[in-house]
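Counting convention: from 1, in listed order, for ligands and their atoms alike.
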Amino acid sequence: MILGSSGSIGTQALDVAKRYNIPVDAISVNTSVKALDEQVRAFTPRYAVVASEDAYREAKTLLADTSVKLFCGKEGIGEVLILSDADTVLNALVGEAGLRPTVWTLESGKRLALANKESLVCAGEIVMKLAAEKGVEILPVDSEHCAIHQCLRAGARGEAKELILTASGGPFFGYSEEALEHVTLEDTLKHPTWKMGQKITVDSATLMNKGFELIEAAHLFGFEMDNISAVVHRESIIHSMVRFEDNSVIAQMGNPDMRSCIAYALFYPERRFTGGAPLDFAALGKMTFFEPDTKTFRLISLAKEVHKAGGLLPAVLNAANEEAVYAFLAKKIRFADIGHIVSDFVHSYVNKSNPTLDEIEGASCTVRAKIREALG
Ligand code: MG
């Protein structure tokens with residue numbers, strides 16, 4: 001079952017499914033009816049979910065000649081999770097919208113391949129606790145975490161001392177705060193090494209994405225934030241590393257290709273070839289590493305701070321960021337405003353510890369409304 005099947009991860013997952021003849025029992029899209037139509041005909045899933053109501057009506061007409069059972073809205077995902085006999089769910093939804101589906105998947109006992117890092121950012125404690133209770137393993141579909149998952153296999157859990165996440169540095173690596181005042185939306189959408197959806201491409205440019213990934217790693221692997229670091233590695237060949245007790249560092253490398261990460265999550269503990277060229281070290285020549293500029297790209301340090309504070313703050317950080325990014329994509333604010341808006345909201349928020357899922361969603365909803373109002 002693939003949630004978010006028309007997105008970048010979703011379509012690459014369907015490539016992997018096609019290569020290995022994996023049956024796809026259910027798919028979901030937000031509004032992309034045309035992609036849904038093609039995917040239903042190519043993969044003949046029994047169930048499909050369309051999040052938007054208008055798009056759902058359109059899909060109903062378009063797919064009337066097929067046997068697919070259509071469901072509408074976020075609740076539709078919950079219904080299909082109960083009906084479907086898929087053993088694995090790939091959650092590739094964008095943003096906090098992926099949180100409930102993550103929880104429902106864990107409750108259903110199906111294996112979770114998780115590309116929706118916001119589930120862990122917003123409610124990491126709840127999600128990890130539920131996974132442990134249900135005995136469900138979460139396989140990360142995020143190149144850094146997939147790398148760490150692989151590196152951790154090199155030693156006993158107690159021997160692993162530090163997680164080192166690599167970061168491409170994004171399109172504005174080396175820019176001063178002053179220079180960031182003048183960057184445009186078009187500049188922002190040019191990521192140096194990975195081709196991804198728009199939201200995550202903006203998050204990569206602000207380094208918010210790396211901040212989220214630090215939080216994601218802390219929850220997934222049960223590490224203290226002080227034992228997780230990020231290093232800028234422009235070539236994106238090392239996808240992340242683990243330092244062990246004896247200071248040995250194990251790195252996972254390869255040419256950037258999300259399909260290998262998707263296949264890792266789907267076939268673990270087996271490995272499968274997903275196409276693409278092997279790494280050519282002589283052609284690569286050298287690899288470079290830099291300290292991230294957390295003074296200019298303050299969202300990465302804000303993420304660490306927010307994780308340590310816990311409670312509702314990580315969800316507030318995420319909600320404020322989602323709203324700011326969508327405002328930037330709609331050209332309502334400038335690139336540099338994203339960081340200011342997010343920091344202001346986080347710092348003025350009155351936190352609460354041990355929130356429930358409802359409280360997390362409630363807080364995030366309030367933050368979104370306030371930002372929308374403030375931005376007109
Ligand atoms: Mg990543």
Checklist line | Cation-pi check, Arg272 onto Tyr20 ring (under 6.0 Å, within 45° of axis) | finding: yes

Which of the N/O/S atoms in [X] sits closest to the Mg ion (ligand 1)?
X	result
Asp142	OD1
Glu213	OE2
Glu144	OE1

Checklist line | Among Leu165, Ile164, Leu214, side chain to side chain contact (heavy atoms under 4.5 Å, CB included) partner for Ser229 | finding: Ile164

Margin query: If you define the side chain from C-beta out and look only at heavy atoms, does anything of Leu114 sit under 4.5 Å from Leu120?
Written below: yes

Note to self: salt bridge (Lys or Arg N to Asp or Glu O under 4.0 Å), that's the test. Do Asp142 and Lys117 meet it? Break it down for me.
What the structure shows: CA-CA 8 Å; Asp142 195 345; Lys117 65 191 76 178; 3.0 Å; yes

